[in-house]
Structures are given as C-alpha cells and as structure tokens.
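Right, one structure below, let's go through it.
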Amino acid sequence: MTIGSMPGSSGYLSLYPERKMSYFSNLYVLGLTVTAGIGGLLFGYDTGVISGALLYIKDDFEAVKESTFLQETIVSMALVGAMIGAASGGWINDSYGRKKATLLADVVFAVGAVVMAAAPDPYVLIAGRLLVGLGVGVASVTAPVYIAEASPSEVRGGLVSTNVLMITGGQFFSYLINLAFTEVPGTWRWMLGVSGVPAVIQFSIMLFLPESPRWLFMKDDKTKAITVLSKIYAPDRLEDEIDSLSAALEEERRKKINVRYRDVFKSKEIRIAFLAGAGLQAFQQFTGINTVMYYSPTIVQMAGFSSNQLALLLSLIVAAMNAAGTIVGIYLIDHVGRKKLALASLSGVLASLAILSGAFFAESSDSTNGLYGWLAVIGLALYIACFSPGMGPVPWTVNSEIYPEAYRGICGGMSATINWISNLIVAESFLSIADAVGTGATFLILACVAVLAIVFVVIFVPETKGLTFEEVERIWKEKALGSSKGKESTEGLLEDEA
C-alpha cells in the first residue's frame with residue numbers, strides 16, 4: 001500500500017469520497033473528544049479564575065496586597081506545577097496510556113482545588129496552586145494526543161481544536177463564576193474550589209471510556225484496539241484502517257522500541273519536527289495570550305476602570321470572544337489549513353498589540369481622557385478575535401500530529417513543557433516589566449515577538465492539513481534529507497486534498 005492510498009490520506013479519500021467523515025458524522029468520536037476535552041476545561045478555568053480571584057485574595061491577605069512578587073507567585077506556581085506535569089506527562093502517556101494519565105490528572109487537580117479553597121494563608125494557597133498545575137500539565141499533554149489518535153485524519157484538526165474550545169470555554173466559565181461570587185462571603189475560596197467539580201466529572205466518565213486505539217496497538221492489545229476502531233469507522237473503511245495501522249506500528253517497532261528523552265535529539269527528522277512543534281508552543285505564549293487572560297481584569301483597571309466588578313465584566317466579554325473565535329478556528333483549521341491560519345492570526349495579533357501599545361502610551365501622557373481606556377479594551381478584544389481562531393488551536397493541533405507514534409507522548413510532553421515554561425516567564429515578568437518600562441512598552445515588546453513568530457512559521461512549519469500521521473512523518477524525512485523532490489511531493493499531497 002502506497003502512502004497516497006493509505007486510509008485517511010488525500011489520495012484514498014479521492015478514490016473513496018463516500019468514506020470521508022465530517023465533524024458531526026460520528027457521535028461516538030465526538031463524545032470521546034468532548035470528554036477528553038474536559039482536561040482542556042480544567043486548563044482554561046484555572047487560567048481564567050485566578051485573574052479574578054487575585055483581586056479578592058489581595059483584600060484578604062495584606063501580604064499579597066503589598067507584594068507584587070507574591071501576586072505573581074500565586075499566579076505562576078500553577079505554571080511551575082504544569083511544567084513538571086507536562087514534562088512527566090509524556091512518559092506517563094507512553095508507559096501507562098492516555099486513559100490512566102487522564103485519571104491521574106483528575107485526582108491531582110481535585111486535591112489541589114480543595115487545598116486552595118481551604119488555604120489559611122498565602123503559602124498554603126501557593127501549594128494548592130502547585131498541585132492544580134501538576135494536574136493541568138498532565139492533562140495538557142494527554143487530551144490533544146488522545147483526541148488525535150481517535151480521530152479520522154480529515155477531521156483531526158477540528159476535533160483537536162475542540163480541546164482548545166474547551167480551554168477557552170473554561171476561561172469564559174471562570175469569569176462567570178468570578179462574577180457570580182463577587183458578593184458571596186469567602187469569594188475567592190468559592191472561585192478556586194469550584195474548579196474541582198469538572199475534574200470529578202471527567203474522572204467518573206473516563207472510567208467507562210476506552211484507551212486510545214493507536215496506543216493499544218502499540219502495546220499489542222489489538223483486540224481492544226479493533227473494538228474501539230469499529231466504533232469510529234464504518235465497515236468499508238475499518239479493515240483498511242486496521243491494516244494501515246498494523247503496518248505503520250510494525251515499522252515503528254522495528255526502528256525504536258524504547259524511546260528516551262535524548263533520542264529526540266539524535267534523529268534529525270525528529271529534531272526538526274520538535275523544533276517546529278516547540279517553537280509554535282513558545283510563540284503562542286510569548287505573543288502574550290496568557291498575559292491577556294491572566295491579567296485582563298488588572299489591564300482593564302490599568303486602562304482606567306477602577307471597579308472590580310466592571311473589570312471582571314469587561315474581561316468576561318473578552319473571554320466570550322475567545323471562545324467564539326475558537327469555534328471559528330474549528331472550522332477553518334481543516335479548510336484553510338494550519339500554516340495559513342497561523343500566519344493570518346499572527347498578523348492580526350501584531351496589529352492589535354500595536355493598538356494596545358499606542359493606547360497605553362497615550363493614556364500615560366493624558367490620563368484624564370477616558371477614550372484611551374476604551375481603546376485599550378477594544379485592543380484587548382481585537383487581540384482575542386485574531387488570536388483565538390489561529391494561534392489558539394494551531395500549536396496544539398500541530399503537536400498532536402507531527403510526531404511518529406513512538407515519540408508522540410514524549411515529544412508532546414516536551415513541547416507542552418516549553419509552552420508552560422514560556423507561560424511562566426510571561427506570567428512572572430509581565431507586571432514587573434510593566435512597572436519598570438510601562439504597559440505601552442510591554443505590549444510593544446510583545447508586538448516585536450509577533451513579528452519573529454511570523455518569520456518562524458513561514459520558515460519552519462509545514463502544512464499538515466488532511467494528511468495522515470504517515471504522510472506527516474514523510475515530510476520530516478524529506479526535510480531531513482534536504483530533498484527537493486520532498487517539497488514537490490508534499491505540495492502534490494496538498495493539491496490533491498484541495
């Protein structure tokens with residue numbers, strides 16, 4: 001069987017167009033996606049809730065109110081945990097499976113939520129944030145891989161992007177919770193404690209769901225794998241999928257049985273794939289998205305809106321736009337493609353960061369003019385509208401599909417760790433940099449990073465829309481060989497798909 005005739009490939013689906021699946025054509029796959037995506041919901045809720053809770057934590061703990069460092073530590077300790085969780089999550093996924101990794105993440109997250117809600121001082125709160133971060137880190141690796149491995153290639157981008165929709169939906173939900181508890185005694189404790197509920201729900205549902213079929217095949221549990229695949233594919237495509245998967249994984253086993261972290265850097269094709277994946281994850285953070293999400297209420301207050309409740313309400317609108325934009329991205333990522341979508345998104349991000357920078361520069365010279373405050377809020381909304389359909393889902397989607405099976409967990413974990421490290425750097429430094437050089441200059445720095453991100457995507461990120469895992473793997477082989485024919489054949493694949 002040639003690459004072009006493999007199930008799910010552009011050539012195969014051209015031969016058998018009746019076997020092509022759409023986003024909503026299999027409710028079983030959609031159910032697996034949504035359940036796994038609860039991990040994204042945890043990720044998003046924690047990202048969003050701390051921004052509002054921090055306003056009230058400062059009111060309860062005088063030490064936090066007086067220390068910018070403590071404020072940043074409360075926010076960023078979850079990121080430290082997420083870095084550790086993501087780094088170990090790849091190994092956990094490959095060794096014990098996607099399902100067990102998800103269950104472990106749920107338990108750790110739920111325990112962390114209880115610790116945060118009951119925290120008697122800032123330091124116990126920070127410990128709870130660390131636990132929650134560990135759970136989020138493992139989930140951030142696991143959910144995209146689990147979804148990708150259960151998805152037909154022609155809708156893989158949209159289904160993996162559903163996890164990103166759950167992240168943005170979690171952020172929106174967190175702002176609703178923030179507003180709901182603004183007048184309730186123990187405000188921030190409720191905000192943080194409620195985060196354990198989705199983890200308990202996912203744990204309960206996940207007990208009854210199957211392991212990833214590709215992981216089961218890799219572990220020689222073919223009977224269970226075929227049972228899962230039979231619920232994903234119609235009979236006329238099922239046999240071809242099983243044969244293709246068997247052949248691909250047999251080839252994987254011949255090449256490498258036990259993959260270690262250092263093996264990623266020994267193989268040129270894996271190394272350049274990791275560069276593309278990790279680079280996308282880094283630029284997702286360094287262009288400022290979680291600066292906007294973590295500190296949006298604070299940014300709104302910087303823009304001249306002093307009321308906590310008004311700041312949270314305006315931030316809720318920003319979060320709603322983030323979720324809505326991700327829905328657009330679910331459609332576009334399998335129609336426009338990953339690379340074009342990322343470039344269009346980054347161009348809009350660059351423009352909106354310029355607006356934000358200009359608004360804060362102007363506000364600093366004329367603080368009596370309320371127009372600049374509203375211009376800053378418009379800049380935030382425009383930033384989200386441009387970022388969310390593209391640079392929101394693209395890095396996670398690309399990282400779920402660019403690595404060979406034997407490397408998928410470990411490379412996905414390493415790449416997610418890069419995301420969290422970048423996230424930590426931005427979260428830990430944003431307020432300090434803004435204090436030192438001004439908010440306008442800070443956003444100008446982010447705009448310069450957006451320019452670098454555009455250049456990076458143009459040079460290092462290939463288009464993977466509609467390609468099977470095997471076709472994507474061939475792209476890296478051809479890049480590693482520096483074959484001019486590789487470029488022509490890859491373009492041919494994409495032209496067939498178009």
Side-chain angles (χ1 to χ4, degrees), residues 36-47 50 75-109 111-112 129-149 160 163-164 166-167 170 199 202 212 215 259-262 264-265 270 273-286 289-290 293-294 392-403 407-428:
I38 296 176
L41 185 74
L42 300 177
F43 178 173
Y45 184 88
D46 183 71
T47 299
I50 194 61
V75 171
S76 60
M77 188 52 65
L79 305 182
V80 173
M83 287 162 43
I84 299 169
S88 57
W91 174 78
I92 294 169
N93 268 267
D94 285 343
S95 300
Y96 299 102
R98 308 357 176 175
K99 179 176 178 175
K100 288 180 180 176
T102 302
L103 295 172
L104 175 63
D106 288 332
V107 171
V108 174
F109 191 98
V111 171
R129 296 286 295 156
L130 178 66
L131 285 173
V132 163
L134 287 169
V136 167
V138 175
S140 71
V141 178
T142 308
V145 172
Y146 182 86
I147 294 168
E149 293 185 341
V160 174
N163 181 60
V164 182
M166 298 291 275
I167 295 173
Q202 185 183 42
S212 154
W215 187 85
V259 175
R260 293 164 294 185
Y261 286 97
R262 63 175 177 267
V264 172
F265 304 100
I270 303 301
F274 179 69
L275 171 65
L280 275 174
Q281 294 285 33
F283 279 117
Q284 184 191 64
Q285 295 304 320
F286 284 124
I289 178 57
N290 280 323
M293 297 314 299
Y294 284 131
V394 168
W396 295 106
T397 299
V398 169
N399 273 279
S400 73
E401 63 191 6
I402 61 173
Y403 308 116
Y407 289 86
R408 192 165 298 133
I410 199 167
C411 285
M414 291 169 65
S415 185
T417 303
I418 296 294
N419 184 293
W420 289 112
I421 291 172
S422 306
N423 194 332
L424 175 65
I425 293 170
V426 173
E428 189 68 26

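Counting from 1, the numbers follow the sequence of the chain as shown. Side chains included, hydrogens not; waters and symmetry mates left out as well; all remaining heavy atoms used.
Side-chain contact between V136 and W420 is present, with at least one heavy-atom pair separated by less than 4.5 Å. At least one side-chain heavy atom of R129 sits less than 4.5 Å from a side-chain heavy atom of I50. Residues N93 and W215 are not in side-chain contact: their nearest non-hydrogen atoms beyond the backbone lie 4.5 Å or more apart. Using a 4.5 Å heavy-atom cutoff, the side chains of L41 and Q202 are not in contact. In this structure, F274 and Y403 have side chains that are in contact, with non-hydrogen atoms separated by less than 4.5 Å. Contact annotation: the side chain of D106 never approaches that of I38 to less than 4.5 Å [non-hydrogen atoms, C-beta and beyond]. By the 4.5 Å heavy-atom criterion applied to side chains, L104 and I92 are counted as neighbours.
Here the CZ atom belonging to F283 is positioned 13.0 Å from the CG atom belonging to N419, to the nearest 0.5 angstrom. The CG atom of L424 lies 12.0 Å from the OG1 atom of T417; values are rounded to the nearest 0.5 Å. Atom OG of S422 sits about 10.5 Å away from atom CG of L79, to the nearest 0.5 Å. Distance check, rounded to the nearest 0.5 Å: CD of Q285 to CD1 of I418 gives 11.5 Å. Summarising the geometry, atom CD1 belonging to I167 is positioned 11.5 Å from atom CG belonging to D46; distances are rounded to the nearest 0.5 Å. Going from atom CG of L280 over to atom CG of L275 covers 9.5 Å, rounded to the nearest 0.5 Å.
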_The test is side chain to side chain contact (heavy atoms under 4.5 Å, CB included); show your working for F109 and V138 and say whether it passes._
CA-CA 10 Å; F109 191 98; V138 175; over 6 Å; no
*Worked verdict on F43 versus N163 for side chain to side chain contact (heavy atoms under 4.5 Å, CB included)*: CA-CA 10 Å; F43 178 173; N163 181 60; 6.0 Å; no
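Counting only distance, with no hydrogens or angles, the side chain of S415 and the backbone of G412 share no donor-acceptor pair below 3.5 Å. Of the possible donor and acceptor atoms, one in the side chain of Q284 sits under 3.5 Å from a partner among the backbone N and O of G392. N399 places no side-chain N or O within donor-acceptor distance of the main-chain N or O of A416, the cut-off being under 3.5 Å.
Residue A86 comes nearest to S140 through the heavy atom pair CB-OG, 4.4 Å, listed as atom of the first residue, atom of the second, then distance. Residues I147 and A36 approach most closely at CG1-CB, 3.9 Å, considering heavy atoms.
Applying the side-chain hydrogen bond (donor to acceptor under 3.5 Å, both in side chains) test to E149 and every residue at least two apart in sequence or in another chain returns R98, S212, R408. By the side-chain contact (heavy atoms from CB on, under 4.5 Å) test, I270 is found to be paired with V264, S267, P404, Y407, C411, residues two or more places apart in sequence or in another chain being considered.
Ring geometry for Y96 against W91 counts as perpendicular: the plane angle is over 60°, on a 0 to 90° scale with 30° as the lower cut.
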